Amino acid sequence: MTTTPPRRSAAPAQTQTQTQTPARTPGPARPPLVTRPLVLRFVTVVGASASFFLLLSVVPLYAERGGGDAGLATGSLMLATVAGELATPRLVARYGYRAALAAGLVLLGAPALVLTAWHGMAWIAAVCLLRGLGFALTVVAGGALTASLIPAERRGEGLALAGIVSGVPSLLGLPLGVWLASHAGFTPVCVAGGMVALAAVAVVPGLPGREGSPSGDAGVVAGLRTGALARPAVVFATTALGAGIVVTFLPVAVPAPVSGVVAVALFAQPATATVARWYAGRFGDRRGPSRLVLPGLLASAAGLLVTALTGSPVAVLAGVALFGAGFGVTQNATLTLMYARVPASGYGTVSALWNVAYDGGMGLGAVGFGAAAAMTGYPAAFALTSAVMLLALLPAWRDR
């Protein structure tokens, strides 16, 4: 800004001096958010997330077309993921971030290349188990590494950015996988899902190799016994029930005459989740993430209730979009809240707990919904799940 020369005036010089605006002292600059290590970490996020979500709805469909159990396919994937997430902190403490990430990407990608070599349910479940272990390594080791690369004062924004980076592959992968499977067959989709994970291994040597806490396993157990961490984890696990149901059963729950809406709905769910996760992160940095936990849970439950009207394309789209928005808010709010409640040495514990809640909820949702739908039908099972999610109102209220 330029200033004009003072005009001549009969007023005393002292008066002119008193009316001058004092210069402002610039505040401290915020630390940079995007750094080279974080960019490399994002490459591994894209590789793992694209591989996971590209096949997430395709494998259950492949199992069902072959006479198998769609719920068992997703359940096996999530069961192995949860088991791997509980063990990963100790593996990271012993071998470091780079080794854990590289092993995870290989286990996630290589089995996908040979998924369609056989059609038996036992083979499909075995592949899902290996891929689940690989995904566990990538999300727990990678999650703790991501948190360590983000400045504490920009944690909400940084986790929101990480959510966008991981959300875009899910945004594209879920509907693209189903579309490619119907137009090109299952094998090309599986090969693409395997290669994108294996390609990301190339950037792993450029990542920091700092190790986690040697007491990582004890930290997970202690975290489950700590209300400040257990409450948001329970709320998030409850919303994750719906995520497992949507990606597994929406393609088979929607009646054939309106099945064209499925691909659009599988795009809408991660799209709204990604946008909501970003705004939740920005809001959480300014007002606190605890304010968002309860609204996120209520929106998620309401979305599943609307989705129960499976015969209406408008209701399916609106319900899935509303669920996605609530799920995205809950994702960011619970994770940011949990990281804020531990020192840096507890990031591995938070990453493991949060991902166990995520994948455990998805797995239980897929298996439980399949059993319920067999007795009640898909619409009633959606409504029942919405009611079950309200059981998490108490911990969400306490963390509001």
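Everything numeric here is computed off the predicted structure, so don't read it as measured data.
Counting only N and O atoms by type, the side chains of T274 and R277 include no donor and acceptor under 3.5 Å apart. No side-chain N or O of S166 forms a donor-acceptor pair with one of S49 less than 3.5 Å apart.
Checked by atom type and distance alone, the side chain of T146 pairs as donor or acceptor with a backbone atom of G142 at under 3.5 Å.
Checking each of V264, V254, V261 against P313 for a side chain to side chain contact (heavy atoms under 4.5 Å, CB included) leaves exactly one that passes, namely V261.
Taking F52 as the reference, F135 meet the ring-ring contact (aromatic ring centres under 6.0 Å, His included) condition, with sequence neighbours excluded. For F186, the ring-ring contact (aromatic ring centres under 6.0 Å, His included) partners are Y62, not counting sequence neighbours. Evaluation of the side-chain hydrogen bond (donor to acceptor under 3.5 Å, both in side chains) rule for R131 yields S51 as partners, not counting sequence neighbours.
Sequence neighbours left out, not one pair with a member in residues 362-378 passes side-chain hydrogen bond (donor to acceptor under 3.5 Å, both in side chains). A salt bridge (Lys or Arg N to Asp or Glu O under 4.0 Å) check over residues 363-380, counting only residues at least two apart or in different chains, returns nothing. Among pairs with a residue in residues 293-312, none fulfils side-chain hydrogen bond (donor to acceptor under 3.5 Å, both in side chains), at least two apart in sequence or across chains.
Remark: aromatic rings of F327 and Y358 are close, center separation under 6.0 Å. Between H183 and W179, the distance separating the two ring centers is shorter than 6.0 angstrom.
Relative orientation of the F249 and F369 rings is tilted, given thresholds of 30° and 60° on the angle between their planes.
Rounded to the nearest 0.5 Å, atoms CG (L337) and OG1 (T330) are 12.0 Å apart.
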